[in-house]
Amino acid sequence: MSAGAEQPRHGSGAASQSTPSVRELGLVPLAATVALLLALGVPLALGLGPRGLLAMPAAALLLGPALFAPLALLSGTRPSWIKLALLGWLLGPPAALVPWLALRAGPFGGEAAGDAALAVLFGLFALLHVALLPAARGRTVRLERPGAATLLAIVLAAGMTALVAAFLFQGSAPRVSYHGLLHSGLLLATERALPPSNPWMADAPLGYYWIWHALGALVARAFALAPTQALCALNVWAVAALAPTLQLLAAVLWRGRGREVAAVVGGLFGLGTASALVWLVRGAEMGEPSTALGLFAELARGVPDGADGLPLFDRRLSYGLSKFGNSNSYPASLALVLGAWFAAAHALRHGARPWPLLTGALHGAAALLNPLVGLVGAGPTLCAAVFAGTPAARIHTALATVLALVPGALATVQASAAFGGESVQLVPSAGGLWAAVLPLLLVLPLALLGLVQGVPGASADGSGWRGGEPRRAVLVLLAVAALGPLVLHGLVILPYDNQYKLVRLAAIPVGMLAGAGCVAWFAKGGAARVAAGLCGVSLLALAAANEWRGARAYLAFARVEAPLVEEPLALSPGPATSASADLAAAYRYLRTETGLRGHRPVLLLDAFESTGYGYGDPPRAFVTPDNLQGHEAAVFAAMDLYFDRASQVLDARTPGLAARRNGATQLLRDRSQWSPDHRRALWELGRPVVVLLGPRDVDRLPSIVHRLRSSGFAQAWGQGSVALYVYPAELALQDAAGETR
């Protein structure tokens, strides 16, 4: 995008150089090519051609090309291809998600209409490009050569992307991890209805933010991926944008490729320096983790213990890329927040269009995908708009940001209310502040040095800082982004101790300021140069050591397979034998029997077992006592459950949960009469009911089959030791290949 009146500059660090001659690309051929590619997606999405070819228009839709022409036309001048590619990459998924949500919540709701909705989505973007062709005449995109800092950022991005992909796409265990099935269940719930109800308690409100899962459903359908694969693919998309975004943000504020490179490296790897030092002092022990908990324990070697034996800071802060190595919404939201800071830096620095609008769009998308990261990440932008920038730039940037945050804030309030009142607790604590500072203890002094070095003066003075009022706006943004989350960590306690994410968010601007501060110190010469050199080399060595130990642990875990079969928009447990094989077949029947699914049935099963059936060899159970995943059936059957145990998305205080549990207990475990009140509660859902019986159920209550038949159920399917009964009985379809009992 345009940088206003400034000369084109992408990390070369030479402000005094004359503007090099650059090539240009006409916008008309670019828009026409993208339009044709998107139009190709229409028949392919409808199955009128090889499905494998759909990846090409899907990439154009979701990875940036579909936004090149609109973004270029929004800019008042010839946009830079580097900024255009980055902004298209970041905004591509959110821009496709908005009409996708409208289509899926409106005329194309339900699983059966997903391909038609995707075809319409391709068609809408193709028509948009056709409509933009007249305006694109005579418009061009600059194809200047990237500078050294930009090239280094691209190399770093490629390396980190390959590493994260290796973390996630070797064995299947990392994709399941701590809560991969939970997120997959929510993804599949967005396929059934928007907004989704709670898959672990049918028709109950969902106490969780779900927009990220809807984006995962779009990715899964467009690229023919399993839910676990689609959500992890978003991590790869996010990590690819980090280094280039940080470099372009640094280029707005600093002169000199040295400062830009140091800022990027510090922002990416500064968090691990303290943990590397702890790990080395402890003897640099290394293990080969084969489980998620083993991986957690391995990374915890970099966290010091206090006198009471407890860790001095959150173990999840010991490795910077750990959030990218499992299924969660943090990476996608973080990438959008960093993009928003980059856009805000341009908006407040020179106020040219379309930067305020882009700032709001990126902040709004980040808040929808992960409210904590998105809402906290918008604070620095709003503070910068208060303290610095031209009046018009302040107003436009702040207004666009506040308006864009409204949908994310509303979604957060709704999720919090549905979750049973769980909320942020205001608990000021010196210990909380110390726990936030300690992981960054080695880089914070340099960050403060970098911050102080940029404060004096408001004009360019050869110090390496861009001068004037606009410089102060960007400096305020980085200062608030660095220090604000750390202070907030000392004031609040979030559900599930999620305040550690505040430290992760702060670590990036802290590292950027530290890198620039170290280079500024080095530039003073003499003893300062020697001290800065020793400091910089030491921190780089610690960061490299921490990356090596973290990557080694993750790559060891990445080779582990889970008993999971991943198919496009579907998951199955397996391979399995005996009773677990029968159960896997029952899940597959429930997921694929379209006649029954068309009636939106509810699945009732015994969810009281502390450990579920095992799959694979050695057997592994997905239903475990900690229940972080929620019951497996919601994922493997892709169906709403009548009830489940309390979990991360089903609060124990949810109204009606106790009554449903009592009714299920009386039906499946109690030898006394199944009470009319409990029957009535089940029928009043207004949805058919499927009861799954496994061998444990029949052993526990031999009369259960008679009880179901006498209550109006009929057997719909059976294989070996597992049977499915459905109410009302007329929905039971005899499966000729199954066995009846």
Side-chain angles (χ1 to χ4, degrees), residues 178 266-287 289 292-326 328 330-331 334 372-373 376-377 424-448 481-514 538-539 542-551 553-554:
Y178 303 103
L268 292 174
F269 306 115
L271 179 61
T273 52
S275 288
L277 182 61
V278 172
W279 173 63
L280 290 171
V281 169
R282 284 182 167 178
E285 296 181 13
M286 292 292 296
L293 290 178
L295 176 63
F296 183 78
E298 185 66 31
L299 296 179
R301 297 180 191 274
V303 181
D305 298 325
D308 55 4
L310 297 177
L312 291 180
F313 60 85
D314 197 300
R315 293 184 177 96
R316 292 169 288 186
L317 293 171
S318 68
Y319 180 51
L321 285 179
S322 59
K323 290 301 289 182
F324 290 84
N326 63 75
N328 68 103
Y330 171 89
L334 175 67
L372 170 61
V373 177
V376 173
V424 177
Q425 301 178 46
L426 183 61
V427 185
S429 165
L433 183 59
W434 173 243
V437 168
L438 188 56
L440 298 169
L441 195 60
L442 298 182
V443 292
L444 265 174
L446 282 173
L448 294 175
L483 302 178
L486 298 181
V487 174
L488 191 58
H489 189 283
L491 298 176
V492 301
I493 296 178
L494 303 176
Y496 300 104
D497 280 334
N498 268 322
Q499 58 270 18
Y500 79 96
K501 294 176 183 174
L502 298 172
V503 182
R504 283 190 168 279
L505 192 59
I508 293 175
V510 166
M512 293 183 71
L513 289 168
S538 299
L539 290 175
L542 288 173
N546 202 56
E547 288 305 307
W548 181 79
R549 79 177 186 99
Y554 264 92

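No hydrogens, no waters, no symmetry mates; every other heavy atom, side chains included, goes into these values.
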For Y554, the ring pair (Phe, Tyr, Trp, His ring centres under 6.0 Å) test, sequence neighbours excluded, returns F167, Y319
The side-chain contact (heavy atoms from CB on, under 4.5 Å) partners of A553 (sequence neighbours excluded) come to P289, L295, E298, L299
CZ (R549) and CD (E285) are apart, to the nearest 0.5 Å, by 12.0 Å
Heavy-atom closest pair (S318 atom, A300 atom, distance to 0.1 Å) is OG-N, 4.3 Å
side-chain hydrogen bond (donor to acceptor under 3.5 Å, both in side chains) filter on Y330, not counting sequence neighbours, yields none
Residues at least two apart in sequence or cross-chain that pass side-chain contact (heavy atoms from CB on, under 4.5 Å) with A297, listed by chain then number, are none
Only one of L317, L442, L542, N546 passes side chain to side chain contact (heavy atoms under 4.5 Å, CB included) with S275, and that residue is N546
Do V427 and L491 come close enough that some side-chain heavy atom pair is under 4.5 Å?
-> no
**OP:** Flag the pair L268 / I508 as yes when at least one side-chain heavy-atom distance between them is below 4.5 Å, and no otherwise.
**Re:** no
For residues 496-509, the salt bridge (Lys or Arg N to Asp or Glu O under 4.0 Å) pairs (sequence neighbours left out) are none
Exercise for the section: Just do the side-chain contact (heavy atoms from CB on, under 4.5 Å) check on L321 and E547 with the steps written out, would you? Expected result: CA-CA 8 Å; L321 285 179; E547 288 305 307; 3.9 Å; yes
So side-chain hydrogen bond (donor to acceptor under 3.5 Å, both in side chains) across residues 302-313, not counting sequence neighbours, yields R282-D305
Q425 and V492: CA distance, side-chain angles, deciding distance, side-chain contact (heavy atoms from CB on, under 4.5 Å) verdict:
CA-CA 5 Å; Q425 301 178 46; V492 301; over 6 Å; no
Closest non-hydrogen atoms of R301 and G287, given as atom of the first, atom of the second and distance, are NH2-N, 4.5 Å
Nearest heavy-atom approach of K323 to N328 is O-ND2, 2.6 Å
Taking the side chain as everything from C-beta on, heavy atoms only, tell me whether L440 gets closer than 4.5 Å to L486. yes
Note: A482 and A506 closest approach over all heavy atoms is O-CB, 3.3 Å
Residues passing the side-chain contact (heavy atoms from CB on, under 4.5 Å) test with L312, sequence neighbours excluded, are P304, L438
* N/O donor-acceptor pair under 3.5 Å between N326 side chain and F324 backbone -> no
Sorted by chain and number, sequence neighbours left out, side-chain contact (heavy atoms from CB on, under 4.5 Å) with V376 holds for L372, P485, L488, L502, L505
Using side-chain heavy atoms (C-beta onward) and a distance below 4.5 Å, is F313 in contact with H489?
no
Sorted by chain and number, sequence neighbours left out, salt bridge (charged side-chain N to carboxylate O under 4.0 Å, His left out) with R315 holds for none
| task | Please examine the side chains of M286 and W279, heavy atoms only from C-beta on, and report whether any two atoms are closer than 4.5 Å. | result | yes
